[in-house]
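Contents: one structure, followed by commentary.
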Amino acid sequence: MGATSGLIADSRKTLLQIEKTFLMRAGFEVLTAEDGARAVQLAREKVPRLILLDLEMRQMDGAAACAAMRRELSLAFTPILIMSGVDSPEIRDRCLRGGCTEFVVKPREPDELLAIVVRILSVRERKALRVQVAFKVRGDLDSRQILGKATNLSATGLLLVSGKPLPLGSVFELEFAVPKTNHPVKVKGRVVWVGLIADGTCEAGIHFIDLSLTDQQEILDFTSS
């Protein structure tokens, strides 16, 4: 099995090198970028398995870079971690709305960063439970309610299976309950890719657009339990 590929983007060269060296020693193949625009370019070309972004970067900051990556079908469900030297509800909310898997204050020690990376990847690889999802169509389509089942639930989106095809790029209002806690979630979702299963049902990759911090934490608690 080959090494896990990762992309790190940080405008501070010293920290970038420390992060790169530490992850390489842990068995990662690491790509680096010193600004957000370059990070987006590399992510599109290389499609890494994991992306770490510094929030405070030149040209394009981490939140904007993350949002640009999420518009790429190949990166719609890639784990993206945004790191910042400061924290506030406004900063955290902006990063989550940009589509990051997780927002963290920069760890003081490299091994703390590695622990976060390992946890995100282990959650990503864990088989998710199926959950019932009810969502309302918005946009150019006639308003109607469609029932489906979802797998691969994460803090950035889910894989939806339904009996009707879903238009690529459509925006929906999704409503579902997080398993175990039954915490209700209402969130907008965009269809980022579609496919047909052999039995005629439709699969659709849904990316959350405006998931709240509370809802994200509930989902993270479920997927990591």
Side-chain angles (χ1 to χ4, degrees), residues 36-37 39-40 43-44 47 51 53 55 60-82 89-103 124 128-179 182-197 200-220 222-223:
V40 173
R44 288 170 175 164
V47 191
I51 300 172
L53 301 173
L55 178 60
M60 180 186 290
D61 70 9
C66 180
M69 292 175 185
R70 290 304 189 202
R71 289 192 286 269
E72 300 292 324
L73 298 183
S74 60
L75 302 171
F77 294 98
T78 300
I80 300 178
L81 174 69
I82 296 183
E90 294 77 17
I91 291 175
R92 186 177 293 268
D93 184 65
R94 179 167 174 260
C95 292
L96 293 175
R97 288 180 181 276
C100 72
T101 306
E102 192 161 339
F103 170 87
R124 181 70 178 178
L129 298 176
R130 282 186 177 268
V131 295
Q132 289 287 339
V133 180
F135 60 93
K136 298 177 181 178
V137 178
R138 296 184 63 185
D140 297 332
L141 301 178
D142 294 334
S143 181
R144 66 182 186 275
Q145 188 176 66
I146 304 173
L147 294 179
K149 289 187 177 181
T151 60
N152 297 340
L153 175 64
S154 74
T156 58
L158 50 77
L159 176 64
L160 183 68
V161 180
S162 68
K164 297 182 179 180
L166 304 175
L168 185 65
S170 297
V171 174
F172 301 81
E173 286 282 354
L174 294 101
E175 300 178 11
F176 63 92
V178 178
N182 287 323
H183 173 79
V185 175
K186 292 184 179 181
V187 62
K188 290 181 182 178
R190 177 178 289 110
V191 180
V192 294
W193 64 265
V194 294
L196 292 176
I197 307 177
T201 56
C202 175
E203 281 188 332
I206 309 298
H207 173 62
F208 297 148
I209 297 175
D210 60 352
L211 188 68
S212 71
L213 179 60
T214 299
D215 291 343
Q216 186 203 46
Q217 190 59 56
E218 288 285 341
I219 293 173
L220 287 173
F222 163 67
T223 55

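Counting begins at 1 with the first residue of the sequence. The model shown is predicted, which means the values in this text are computed figures rather than measured ones.
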Distance-minimising heavy-atom pair for [X] and [Y]:
{"X": "A68", "Y": "V40", "value": "CB-CG2, 4.0 Å"}
{"X": "K188", "Y": "L174", "value": "C-CD1, 3.9 Å"}
{"X": "C66", "Y": "G98", "value": "SG-O, 3.4 Å"}
{"X": "P79", "Y": "T101", "value": "CA-OG1, 3.3 Å"}
{"X": "C95", "Y": "F103", "value": "SG-CD1, 3.6 Å"}
{"X": "L53", "Y": "A39", "value": "CD2-CB, 4.2 Å"}

- prompt: Quick one: which of V178, L158, V187, T214 gives a side chain to side chain contact (heavy atoms under 4.5 Å, CB included) with I219?
  reply: V178
message: As a quick check of understanding, evaluate side chain to side chain contact (heavy atoms under 4.5 Å, CB included) for M69 and T78, giving each step before the final call.
response: CA-CA 9 Å; M69 292 175 185; T78 300; over 6 Å; no
message: With heavy-atom distances below 4.5 Å as the criterion, would you say the side chains of V185 and L211 are in contact?
response: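 Counting from C-beta outward, V185 and L211 do come under 4.5 Å.
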- request: Measure the shortest side-chain to side-chain distance between V191 and I206 over non-hydrogen atoms and say whether it is less than 4.5 angstrom.
  value: yes
message: Under the salt bridge (Lys or Arg N to Asp or Glu O under 4.0 Å) definition, can you give me all pairs with a residue in residues 60-76, not counting sequence neighbours?
response: R44-E72, D61-R94
Nearest-0.5 Å distance that lies between atom [atom1] in [X] and atom [atom2] in [Y]:
{"X": "D215", "Y": "F176", "atom1": "CG", "atom2": "CZ", "result": "7.5 Å"}
{"X": "L55", "Y": "I82", "atom1": "CG", "atom2": "CD1", "result": "6.5 Å"}
{"X": "L96", "Y": "I209", "atom1": "CG", "atom2": "CD1", "result": "14.5 Å"}
{"X": "R97", "Y": "D93", "atom1": "CZ", "atom2": "CG", "result": "4.5 Å"}

task: Tell me, with the steps shown, if I51 and L81 meet side chain to side chain contact (heavy atoms under 4.5 Å, CB included).
output: CA-CA 6 Å; I51 300 172; L81 174 69; over 6 Å; no
